[in-house]
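Take a look at the structure set out below.
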Amino acid sequence: MKLFPYAHATHPQWRMAAALVLAQLRAQMALPAYAATPSLGLLYITDHYAGQAQAILDHLSAELPEITDWSGTVGVGIAANNVEYFDEPALAVMLCDLSPDQYRVFSGVAPLPASGSEPSGFVAHTALLHADPGAHDLGELIAEVAERTQSGYVFGGLVGSRSASVQFAASSAGHLRGQGAVGGVFSGGISGVAFGPDVELISRVTQGAQPINRERTITAVDGNLVLELDGEPALDVLLRELGVSLAQPQQAMERLRRTLVGLTLPQHRPADAPAQRHARGQFGPEVMVRHIIGLDPARHGVAVAEHPPLGARLAFCERHAQAARADLIRVCSEIREELEPETLGMGSSMVADDPEPAAARHIVGAIYVSCSGRGGLHFGAPSAELQIVRRALGDVPLVGFFAGGEIAHQQLYGYTGVLTVFTAPA
């Protein structure tokens, strides 16, 4: 497998940006190290181009007829190797050198079938997801797609757009079986690409929030209102940990606006979570970060943007740029260790349970989905987040987008980054 051609550009006119992207792609496809005949394209655009999504897909499909399948979406920003495009018109494309029998593009009108149920015998091992944040029962949709894969692991993000929330899902010359006259651009629901077992992936979640104090168990809850933590009124715990009082409302509200909650559901809690968190002072991938949406002084409760069950673990937290940087470096280091198992003794990936050390591998392409609340400015400078990734992984093909929520495992995250790399034998 060769390197995936990729390109990115910004311009007020989408046709000019597309021309720049096409020129870059064609130049790379002529190089020996890059794939010359890929068939799957990943397309990410900023919301400045959302109204021209169909025209952009039609144009790229016509100019790259060898690309029979397309997937992608829109974000408030998009990512490429070493650069972020925020609040400006831009697009990024990566052409994946994968065997057509090892992936399937799917959407709401052409859903991913249950693993192994296709007449062709295609078996989905994992999947890249793009989902509309307004979709009904979104969590159930994500879980349903995950259940249709062998690994149960899916990754991706929610559409992030201030205008049209569109997704790209096209195959067989721009059309999916069953979608009729639709041209491969959708609104609502969920779409993406399922990958077969022969597509080697490594995927990691990086957190952007840091716990203020220790985790506690939710011992009383009413819907989204957390009433007790370890048997103590939740609001009392929150105010004590923040060092504020409702008797001084202005000071308290300023601090509360910066405070979030990290939730760990009972079924997602690893046995060694306490030791890991104490050692790193930060969250692991089992934690979902959610907003505090209100206080109930009468019931001494804290309302959160989730419906946590009894027994779930909760830690109050805050966004922390230094912790986010350190955690991003950590996950990149873990990926590099997995790529060199013979040297560093790491031989398993997140989406494959293989106890035997694998041969050394290299990255041929990467997808990075980050929260729209992260990006370079959160890390101290424009494009700083992607520059961290490049310094850690090297100059590898990479595209992605800044999402309204991130997907990994079978969970919906916030303030995280999900980095997934395609690998091949070194």
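We use all heavy atoms of the structure for the numbers below, so side chains are in, but hydrogens, waters and symmetry mates are not.
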- Which atom names give the shortest non-hydrogen contact between I212 and E241, and what distance separates them? CG2-O, 4.0 Å

- Query: Under the side chain to side chain contact (heavy atoms under 4.5 Å, CB included) criterion, do S203 and Y153 qualify, and how do the steps go?
  - Reply: CA-CA 9 Å; S203 189; Y153 182 88; 2.5 Å; yes

- Item | N/O donor-acceptor pair under 3.5 Å between D230 side chain and T217 backbone | yes

- Main-chain N/O of A164 paired to S161 side chain as donor or acceptor, under 3.5 Å: yes

- Message: How long is the straight-line distance from CD1 of I218 back to CG of L265, given to the nearest 0.5 Å?
- Response: 8.5 Å

- Item | Residue pair F86 / E88, side-chain heavy-atom distance below 4.5 Å | no

- Residue pair L129 / I190, side-chain heavy-atom distance below 4.5 Å: yes

- Message: Does L412 form a side chain to side chain contact (heavy atoms under 4.5 Å, CB included) with L158? I'd like the steps, not just the answer.
- Response: CA-CA 9 Å; L412 183 60; L158 305 187; 3.8 Å; yes

- Any chance you could lay out the salt bridge (charged side-chain N to carboxylate O under 4.0 Å, His left out) test for R204 and E338, step after step, and finish with the verdict? CA-CA 11 Å; R204 289 290 185 271; E338 288 207 28; 2.2 Å; yes

- Task: Please say whether more than 12 non-hydrogen atoms of neighbouring residues, nucleotides or ligands are located less than 6.0 Å from NE2 in H291.
- Result: no

- Within a strict 4.5 Å, meaning less than it, do heavy atoms of the L238 and I292 side chains meet? yes

- Message: Could you go through R216 and L314, starting from their C-alpha distance and side-chain angles, then the distance that decides it, and tell me whether this counts as side chain to side chain contact (heavy atoms under 4.5 Å, CB included)?
- Response: CA-CA 5 Å; R216 300 171 188 270; L314 182 150; 5.8 Å; no

- Does any N or O in the side chain of E340 come within less than 3.5 Å of the main-chain N or O of R361, such that one atom is a donor and the other an acceptor? no

- Message: Strictly by ring-ring contact (aromatic ring centres under 6.0 Å, His included), give each pair with a member in residues 304-327 just once, sequence neighbours left out.
- Response: none

- Query: So how far is it from T126 OG1 to F155 CZ, rounded to the nearest 0.5 Å?
  - Reply: 5.5 Å

- Message: Main chain of A403, side chain of S372: is a donor-acceptor contact present, judged purely on distance under 3.5 Å?
- Response: yes

- Minimum heavy-atom distance between R336 and A392, given as atom pair plus value: CD-O, 2.7 Å

- Item | S165 side chain to D132 side chain, donor-acceptor N/O pair below 3.5 angstrom | no

- Item | Stepwise salt bridge (charged side-chain N to carboxylate O under 4.0 Å, His left out) check, D47 with R162 | CA-CA 6 Å; D47 55 6; R162 294 162 295 187; 2.8 Å; yes

- Distance col, row I78:CD1 vs I45:CD1, nearest 0.5 angstrom, shows 8.5 Å

- Donor + acceptor pair across side chains of S383, E84 (<3.5 Å): no

- Query: Got P211 and F283 here, is their nearest side-chain heavy-atom distance under 4.5 Å?
  - Reply: yes

- Could you tell me whether the side chain of Q210 and the main chain of A324 form a donor-acceptor pair under 3.5 Å? no

- Validation row: S61, W70 side chains within 4.5 angstrom (heavy atoms): yes

- Task: Answer yes when R313 and E286 have at least one side-chain N-carboxylate O distance shorter than 4.0 Å, and no when they do not.
- Result: no

- Taking the side chain as C-beta and beyond, is there a heavy-atom pair between L339 and I363 under 4.5 Å? yes

- Heavy-atom pair of closest approach, residues D87 and H48: C-CE1, 3.3 Å

- Query: Taking 4.0 angstrom as the limit, do R148 and E144 come out as a salt bridge?
  - Reply: yes

- Query: For the side chain of E406 and the backbone of T416, is there at least one donor-acceptor N/O pair under 3.5 Å apart?
  - Reply: yes

- Hey, is the main chain of P89 close enough, under 3.5 Å, to the side chain of T10 for a donor-acceptor pair? yes

- Task: Over all heavy atoms of both residues, which pair between V289 and G414 is shortest? Give the atoms and the distance, please.
- Result: CB-O, 3.8 Å

- Message: Is it the case that the side chains of T73 and Q167 hold a donor-acceptor pair, with the cut-off being a distance below 3.5 Å and no angle test?
- Response: no

- Message: Testing the 3.5 Å rule here: is there a donor-acceptor pair between the side chains of E215 and T264?
- Response: yes

- Query: I67 versus L40: any side-chain heavy-atom pair under 4.5 Å?
  - Reply: no

- Task: Taking the six-membered ring for Trp and the full ring for Phe, Tyr or His, determine whether the centres of F4 and Y34 are under 6.0 Å apart.
- Result: no

- Query: How many angstroms lie between atom CG of L229 and atom CZ of R214, to the nearest 0.5 angstrom?
  - Reply: 9.5 Å

- Spacing of L398 atom CG and L386 atom CG [to the nearest 0.5 Å]: 6.0 Å

- Task: Would you please test F422 and E200 for side chain to side chain contact (heavy atoms under 4.5 Å, CB included) and show each step?
- Result: CA-CA 6 Å; F422 297 84; E200 296 289 342; over 6 Å; no

- Task: Using distance alone, with no hydrogens and no angle criterion, decide if S107 and S191 have a side-chain donor and acceptor under 3.5 Å apart.
- Result: no

- Message: Tell me if a side-chain donor or acceptor on H409 pairs with a main-chain N or O of V154 at a distance below 3.5 Å.
- Response: no

- Query: Looking at F168, F186, Y44, which hits ring pair (Phe, Tyr, Trp, His ring centres under 6.0 Å) with H130?
  - Reply: Y44

- Message: Please give me the minimum heavy-atom distance between V399 and A92, naming the atom from each residue.
- Response: CG1-CB, 4.0 Å

- Query: Is the backbone N or O of I56 less than 3.5 Å from a side-chain atom of Y49, with the two atoms forming a donor-acceptor pair by type?
  - Reply: no

- Message: Applying side-chain hydrogen bond (donor to acceptor under 3.5 Å, both in side chains) to Y368 and T420, what does each step give before you reach the verdict?
- Response: CA-CA 6 Å; Y368 189 51; T420 305; over 6 Å; no

- Query: If you measure from SG on C317 to CG on N213, what distance do you get to the nearest 0.5 Å?
  - Reply: 12.0 Å

- Message: For E66 and T37, which I'm curious about, is there any donor-acceptor pair between the side chains at under 3.5 Å?
- Response: no

- Message: Any side-chain to backbone donor/acceptor pair from N224 onto E306? Under 3.5 Å, distance only.
- Response: no

- Determine whether H125 and F195 make a side-chain contact, defined as any pair of heavy atoms from C-beta on separated by less than 4.5 Å. no

Which atom pairs, donor and acceptor, lie under 3.5 Å between side-chain atoms of residues 15-32 and protein residues at least two apart or in another chain?
| unit_1 | atom_1 | unit_2 | atom_2 | d |
| --- | --- | --- | --- | --- |
| Q24 | NE2 | H8 | O | 3.0 |
| Q24 | NE2 | L20 | O | 3.2 |
| R26 | NH2 | E63 | O | 3.1 |
| R26 | NH2 | E63 | OE1 | 2.8 |
| Q28 | OE1 | Y6 | N | 2.8 |
| Q28 | NE2 | Y6 | O | 3.0 |

- Note on the structure: Between D101 and F122 the two heavy atoms that sit nearest each other are O-CD1, 3.4 Å

